Enquirer: 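My structure is below; once you've seen it, I'll send some questions.
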Amino acid sequence: FDGNSIKYSISEERFSKIKNQGGFPQLAINYVLSKNDVKPTDVDTYVVCGNHPTNQFFSETKIKLDWLSKVKGFLISLENQFSLIMYINNFLRKYYGFGSDKRVNARVAEMNHLVAEKLKISVSKIKRFDHHLCHAATVYYGLCDLQENWLIITVDGGGDDYSMTVNIGEKGKIRTIAKTPVAYSL
């Protein structure tokens, strides 16, 4: 940002030449910093899109998943096809605690430390926001006239347990009015 304007918005795939490049966007970050003659420590805040951690963010690191995380991934991939799987998934969440705030917070802290380590910055400079709110904010604050009211719909494969949101942008703020869970996504 430069004041209230987005100065750069660039994807890692532009540098890696890999379509839909996942993982930590080191090349894109390096580009933006170098274009502005800025060191990572000069930046006030780094925003990470998504409150739920993902191992794809650091594909080159060896983050070990416990068996419940592996089971969760398998169950989520099947939820759309089998209602019994949804029951089992909810049972495991309730009685074995995966998806609990304590476990998610521990994974978020682990990912934040990895980001800080990569950029050689303090972990306090990292802020996380909801996946779909980040999409909505990109449109609203980047493209819309903030003096008008806007209907903002986000749709993707999923993020922070949702595949779609409906939001209202008004008076410089975004309010989510509906969400579709990943389990009900097409």
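Keep in mind the model is a prediction, meaning the values are calculated, not measured. Values below: every heavy atom of this structure, side chains too, minus hydrogens, waters and symmetry copies.
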Enquirer: Counting distance only, does the side-chain N/O of S16 pair as donor-acceptor with the main-chain N or O of I18 below 3.5 Å?
Expert: yes
Enquirer: If Ile, Leu, Val, Met, Phe, Trp and Tyr residues are connected whenever their side-chain heavy atoms lie under 4.5 Å apart, and connections chain through other members, are I29 and I121 in the same group?
Expert: yes
Enquirer: Can you name the nearest heavy-atom pair linking V155 to I153, along with the distance?
Expert: CG2-CG2, 3.8 Å
Enquirer: Can you name the nearest heavy-atom pair linking C49 to C134, along with the distance?
Expert: SG-CB, 3.3 Å
Enquirer: Is a donor on one side and an acceptor on the other found under 3.5 Å between the side chain of Y140 and the backbone of N167?
Expert: no
Enquirer: Hey, quick one: are I126 and V47 part of the same hydrophobic cluster, counting side-chain heavy atoms closer than 4.5 Å, chains of contacts allowed?
Expert: no
Enquirer: Report yes if some heavy atom in the side chain of T165 is under 4.5 Å from a heavy atom in the side chain of T180; otherwise report no.
Expert: no
Enquirer: Can you give me the closest heavy-atom contact between T154 and A136, atom names plus distance?
Expert: CG2-N, 3.8 Å
Enquirer: Where is the tightest heavy-atom contact between A28 and F15, given as atom of each residue plus distance?
Expert: CA-CE1, 3.6 Å
Enquirer: Do I177 and L133 land in one hydrophobic cluster if side-chain heavy atoms of ILVMFWY residues count as linked below 4.5 Å?
Expert: no
Enquirer: What pairs of residues pass the salt bridge (charged side-chain N to carboxylate O under 4.0 Å, His left out) test when at least one of them lies in residues 27-39, not counting sequence neighbours?
Expert: none
Enquirer: Which heavy atom of S163 sits nearest a heavy atom of P181, and at what distance?
Expert: OG-O, 3.8 Å
Enquirer: Is there a side-chain contact between T45 and K125, using heavy atoms and a 4.5 Å cut-off?
Expert: no
Enquirer: Which pairs, with at least one residue in residues 168-182 and sequence neighbours excluded, count as a salt bridge (charged side-chain N to carboxylate O under 4.0 Å, His left out)?
Expert: E170-R175
Enquirer: Under the salt bridge (charged side-chain N to carboxylate O under 4.0 Å, His left out) definition, can you give me all pairs with a residue in residues 8-26, not counting sequence neighbours?
Expert: E13-K19
Enquirer: Compare every heavy atom of H135 with every heavy atom of D156, then report the nearest pair and how far apart it is.
Expert: OD2-NE2, 3.1 Å
Enquirer: So how far is it from S11 OG to L27 CG, rounded to the nearest 0.5 Å?
Expert: 12.0 Å
Enquirer: Please identify each residue that fulfils ring-ring contact (aromatic ring centres under 6.0 Å, His included) with F129, with sequence neighbours left out.
Expert: none
Enquirer: Quick one: CD1 on I174 to OH on Y141, what's the gap to the nearest 0.5 Å?
Expert: 4.5 Å
Enquirer: When you measure from the side chain of R128 to the backbone N and O of V48, does any donor-acceptor pair fall under 3.5 Å?
Expert: no
Enquirer: Apply side chain to side chain contact (heavy atoms under 4.5 Å, CB included) to Q147 and list each qualifying residue two or more places apart in sequence or on a separate chain.
Expert: D145
Enquirer: Checking H132 side chain against Y162 main chain: does a donor-acceptor pair fall under 3.5 Å?
Expert: yes
Enquirer: For V38, give me all partners under side chain to side chain contact (heavy atoms under 4.5 Å, CB included), at least two apart in sequence or on another chain.
Expert: L33, N36, D42, V43
Enquirer: Are I152 and I168 linked, directly or through intermediate hydrophobic residues, by side-chain heavy-atom contacts shorter than 4.5 Å (ILVMFWY only)?
Expert: no
Enquirer: If you count heavy atoms of other groups shown closer than 6.0 angstrom to CD of Q26, is the number above 12?
Expert: yes
